[in-house]
Each structure stands twice: as C-alpha cells, then as structure tokens.
Amino acid sequence: MPHPHHTPPEAAPARPAGGLTARSGEPLLLRACRREPVERTPVWLMRQAGRYLPEYRAVRDAVGFMELCKTPRLAAEVMIATVQRLGVDAAIIFSDLLPLLEPMGLDLEFAQGEGPVIHNPVRAPADVDRVLELTDVDRLGFVMDVVRATRAGLDESIPVIGFAGAPFTLAGYCIEGGTSKAWLHTKSLMYRHESAWHDLMGKIARAVSRYLVAQIEAGAQVVQVFDSWVGCLSPHDYRRYVLDHSRAAIAAAAQRVPVIHFATGNPALLPLLREAGGSVIGIDWRIDLDRAWEMVGHDRAVQGNLDPAVLLADRDTVRRCTREVLQRAAGRPGHIFNLGHGILPQTPVENVLELVAAVKEG
Ligand code: CP3
C-alpha cells in the first residue's frame with residue numbers, strides 16, 4: 001500500500017522556539033514518553049552494550065554472560081561505559097530476559113556460542129504445574145542491585161530503563177527450551193492445552209509484574225517489556241491467548257512509570273499491543289513509522305524503527321536512513337529513536353556513532 005510521506009497538520013514543530021525549554025532539566029526520554037515537546041529526539045539502542053563493542057568482548061573474555069549479569073558492579077559498569085562512549089540518552093540495565101525464569105524452577109544456561117538453553121523445558125500440562133509461582137523477587141536481588149548501581153553511576157539527564165520479557169516470549173523460551181524460528185512446541189501447547197497455557201501465562205504475568213515493580217522501586221524510571229517473538233501469532237490468536245496476560249504483566253508498572261511495550265515481526269498486532277498497555281509502543285522496521293503511528297494512535301508515544309541491518313552499510317546510508325525515520329516522525333512529540341530490534345554483533349562501532357550523531361543533528 002503506497003503511503004506518501006506527509007506532515008500531519010496537528011504535528012508540533014520539531015524544536016520549540018527559543019532553544020531550551022523551561023523543563024529542559026528533565027531528561028529528554030522521560031518527556032518524550034509523555035509526548036511533551038523536546039529540543040531534539042532522544043535516542044538509545046536495543047542491545048547497545050553487546051558483542052559489537054570491543055570493550056564488551058574484552059569483559060566477556062574474562063567472565064561468562066550469566067556471571068556478568070550477576071555481578072552488579074560489573075554489569076552497571078558495562079552499561080555506564082557504553083552510554084558514555086555512544087552519547088545515547090538512556091541506559092537500559094545490563095541483564096537478560098531469562099534470569100527471571102530461574103526462581104520459577106527453570107534450569108537455565110547460556111552455553112558458549114549457543115545462546116540460552118533451558119534443560120527442563122515445559123512441554124506438557126503436568127510440566128506447567130511444576131513451574132513455581134514467583135511470590136517474591138529476593139532471588140533476583142542482583143538485578144535490583146544493577147538498577148541501583150547503574151542509576152548511581154550516571155548523570156541525572158540519563159534515565160535508567162528496567163526491563164522484562166512479555167509473557168508470550170518468556171513462555172516461548174520455557175516451552176522450546178531455547179530460541180526458535182517457528183515456536184511450534186509453544187503453539188502446540190497453546191492450541192492443544194488451552195487451560196494449561198493460560199495457567200502458565202498467568203504465572204509468568206504475575207512474576208513479570210512483581211519483577212518490574214521491584215526494578216522501579218530500585219530506581220528504574222522507565223521499563224520496557226520485550227515481546228520479541230509474539231509476531232509469529234495472528235491478531236486473532238494474540239487476542240485469545242496473550243492480550244490479557246500482557247495487560248496483567250504491564251498494569252502495575254504503568255501506574256508508576258512510563259512503559260515501553262515492544263514486539264517485532266507483525267505490524268498487524270500494533271493496535272492490540274496498544275490495547276494491552278504501554279505509554280510507548282515499540283515499532284520494528286517492517287512497517288514505516290508514520291503508518292505504524294497511525295495504527296497505534298497519536299495519543300501514544302512510539303519508539304523505533306531503523307532496521308538494524310542498515311548499520312552494516314556505509315556511513316552515508318546510515319545517515320540517510322536515520323533521517324528518513326526522523327522525517328516520518330515529522331517532529332510530532334512522543335518519538336524515541338531506536339532500532340527496530342537489537343544491534344547485530346557484526347555492526348561497526350563507527351556506524352553506531354554516526355547514527356547517534358545524525359539523530360542529534362535532527
Ligand atoms: O544492551 C542492552 O540492550 C541490554 C542488555 C540486554 C541483553 N539481552 C544482553 C544480552 C537486553 C535488554 C536483553 C534482552 C533479551 N534477551 C531479549 C529481548 C531483546 C531481543 O533481542 O528481542 C531476548 C530475546 C533475550 C534472550 C537472549 N539473550 C538470547 C536469544 C541470547 C542469545 C543470542 C545473542 O544475541 O547472543 C541472549 C544473550 C545476550 N543477552 C547477550 C547480551 C549482550 C549476548 C551474550 C554474550 O555476551 O555472549
């Protein structure tokens with residue numbers, strides 16, 4: 001469907017007259033989450049601290065990934081150094097989606113070069129009964145320590161973002177026992193054993209809700225909920241099997257701070273993500289940002305949506321594609337610049353710096 005670029009009549013000017021505004025003391029990202037006008041578009045990048053950075057690889061030569069996540073001083077340092085090196089406007093805590101599953105009884109390992117493995121996956125309704133209710137988050141105290149250490153080490157202009165997986169994406173890892181392309185074990189359990197599916201999703205949603213509130217109490221000023229793999233579902237099935245659980249996972253956090261609700265792979269889900277909650281909806285690159293924002297509704301903020309693969313190109317292409325995303329946001333208040341998904345490990349650092357510079361120049 002052709003969709004000519006246009007500046008909607010109700011869009012605010014990109015820059016308020018007179019340079020800095022009266023509220024310029026408040027972090028750009030927080031103002032953008034509330035759709036307030038900002039001097040320039042805030043920018044941060046999913047997986048901004050990762051293997052594309054030589055400094056990160058050097059840390060990882062000495063410590064395993066889970067050990068890094070569980071060493072708050074080091075995890076905080078990795079993110080603080082990254083934020084300072086890149087000049088981005090937010091620090092997401094250095095952690096992962098999956099540690100939440102350990103105190104729920106799942107046996108998690110990050111095997112060298114293989115990504116996450118769960119040795120006791122949930123395959124049958126009886127396995128769902130063995131998944132533990134996460135009544136308190138004590139065993140995840142290291143994550144709250146990462147939040148505190150990251151907050152303590154950064155300037156006040158840089159908000160700290162906490163995060164968790166959304167129920168579908170976490171259920172997918174529990175059921176597959178690792179990452180997957182088609183999520184067929186997950187869908188089998190969902191379609192064949194609907195009541196066990198809802199039990200599992202309910203347990204995960206309550207765990208996520210408690211976990212996000214604990215991160216907020218530790219100092220997270222925004223939280224992002226990653227539904228990285230839910231795009232494999234149709235809108236109809238999202239409504240039947242997922243929506244209420246995502247809403248339950250998000251609701252308590254949303255009463256306290258802005259929530260960024262992110263999914264990939266299926267732009268047809270955007271109105272349903274909005275319905276499930278989030279003051280900011282994360283957009284991947286499979287849809288143009290202006291069209292996505294219309295689907296979400298202009299009464300919500302959006303985050304996105306450069307294709308991470310653009311960062312594998314030359315610097316002129318990085319600049320051109322970055323500007324295109326900004327043009328589609330059209331200066332409307334409530335745009336946070338990000339990629340449509342995480343930075344790829346093979347990305348040259350200078351392209352990331354080029355992107356940040358291009359966003360800052362507007
Ligand atoms: O920089 C940041 O954005 C903060 C840290 C962060 C990580 N994982 C670090 C990480 C965040 C926000 C995540 C979330 C996460 N974890 C997601 C959602 C984002 C997305 O990409 O959709 C998902 C799906 C996971 C699960 C996960 N973690 C997988 C599938 C893998 C293996 C694949 C891979 O990219 O390595 C991980 C490992 C992981 N998480 C790494 C990092 C830096 C690499 C581990 C290493 O150092 O070897």
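We number each residue from 1, following the sequence as shown. When a ligand or atom number is given, it counts from 1 through the structure's own listing order. Keep in mind that what you see is a predicted model, and the values were worked out from it rather than measured.
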query: Could you walk me through whether Arg274 and His261 pass the side-chain contact (heavy atoms from CB on, under 4.5 Å) check?
result: CA-CA 8 Å; Arg274 172 208 159 98; His261 189 183; over 6 Å; no
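The contact set between ligand 1 and Tyr56, taken as ligand atoms under 4.0 Å from a residue heavy atom, comprises 43 (C), 45 (C), 46 (C), 47 (O). Of all the atoms in ligand 1, the ones that sit under 4.0 Å from a non-hydrogen atom of Met46 are 3 (O). Of all atoms in ligand 1, numbered sequentially from 1 with element shown, those under 4.0 Å from a heavy atom of Ile92 are 2 (C), 3 (O), 4 (C), 12 (C). Of all the atoms in ligand 1, the ones that sit under 4.0 Å from a non-hydrogen atom of Pro116 are 29 (C), 30 (C), 31 (C), 32 (C). Within the listing of ligand 1, atoms 18 (C), 19 (C), 20 (C), 22 (O), 24 (C) sit less than 4.0 angstrom from a heavy atom of Ser228. Set against the non-hydrogen atoms of Phe110, the atoms of ligand 1 under 4.0 Å away are 28 (N), 37 (C), 38 (C). Interface of Ala49 with ligand 1, defined as ligand atoms under 4.0 Å from a residue heavy atom, comprises 1 (O), 43 (C). For ligand 1, the atoms closer than 4.0 angstrom to any heavy atom of Gly115 are 32 (C).
Among all non-hydrogen protein atoms, the one lying nearest atom 11 (C) of ligand 1 is Phe163 CZ, 3.6 Å. Among all protein heavy atoms, the one lying closest to atom 30 (C) of ligand 1 is Tyr173 OH, 3.3 Å. The closest protein non-hydrogen atom to atom 20 (C) of ligand 1 is His341 NE2, 3.0 Å. The protein heavy-atom contact nearest to atom 19 (C) of ligand 1 is Phe226 CD2, 3.5 Å. Protein heavy atom at the shortest distance from atom 41 (C) of ligand 1 is Phe65 CE1, 3.7 Å. Nearest to atom 33 (C) of ligand 1 among the protein's heavy atoms is Arg51 NH2, 4.3 Å. From the protein, the heavy atom lying nearest to atom 28 (N) of ligand 1 is Asp96 OD1, 2.7 Å.
The heavy-atom pair separating Val230 from Ala263 by the smallest distance is CG1-CB, 3.8 Å. In plain terms, the two heavy atoms of Ala252 and Val213 that are nearest each other are CB-CG2, 3.8 Å. Between Glu275 and Arg247, the closest heavy-atom pair is O-NH2, 3.5 Å.
A 4.5 Å side-chain heavy-atom check between Val225 and Ser246 finds every atom pair outside the cut-off. For the pair Trp44 and Ile92, the minimum side-chain heavy-atom distance is below 4.5 Å.
Heavy atoms of Phe262 come nearer than 4.0 angstrom to ligand 1 in no pair at all. Not a single heavy atom of Gly342 sits less than 4.0 Å from an atom of ligand 1.
Of all the heavy atoms of Ile93, the ones lying under 4.0 Å from any atom of ligand 1 belong exclusively to the backbone. Counting heavy atoms under 4.0 Å from ligand 1, residue Arg47 touches it through both backbone and side chain. Neither the backbone nor the side chain of Pro345 has any atom closer than 4.0 Å to an atom of ligand 1 (non-hydrogen atoms only). With a 4.0 Å cut-off on non-hydrogen atoms, Met79 touches ligand 1 through its side chain and not its backbone. Counting heavy atoms under 4.0 Å from ligand 1, residue Leu97 touches it through both backbone and side chain.
When the options Ser95, Gly172, Gly50, Ala111 are ranked by their closest heavy atom to atom 9 (C) of ligand 1, first place goes to Ser95. When the options Gln112, Arg60, Gln224 are ranked by their closest heavy atom to atom 46 (C) of ligand 1, first place goes to Arg60.
Ion pairing between a basic and an acidic side chain is recognised when a charged N comes within 4.0 Å of a carboxylate O; Asp127 and Arg130 show such pairing. Salt bridge absent: Glu67 and Lys70 never bring a charged side-chain N and a carboxylate O closer than 4.0 Å. A salt bridge does not link Asp129 to Lys203: none of the charged nitrogens lies less than 4.0 Å from a carboxylate oxygen. Electrostatic pairing of Asp237 and Arg240 does not count as a salt bridge here, judged by no charged N lying under 4.0 Å from a carboxylate O. The pair Glu39-Lys360 does not meet the salt-bridge criterion, since no charged nitrogen lies less than 4.0 angstrom from a carboxylate oxygen.
The aromatic ring centroids of Phe262 and His341 lie less than 6.0 Å from each other. Ring-centre distance between His185 and Trp197: not below the 6.0 Å cut-off.
The shortest N/O to N/O separation between Trp229 and ligand 1 does not fall below 3.5 Å. Residue Trp44 places no N or O, backbone or side chain, under 3.5 Å from any N or O of ligand 1.
Only one option out of Val257, Leu30, Ile216, Val280 pairs with Val222 in a side-chain contact (heavy atoms from CB on, under 4.5 Å); it is Leu30.
Ring geometry for Phe163 versus Phe226: interplanar angle over 60°, hence perpendicular rather than tilted (30 to 60°).
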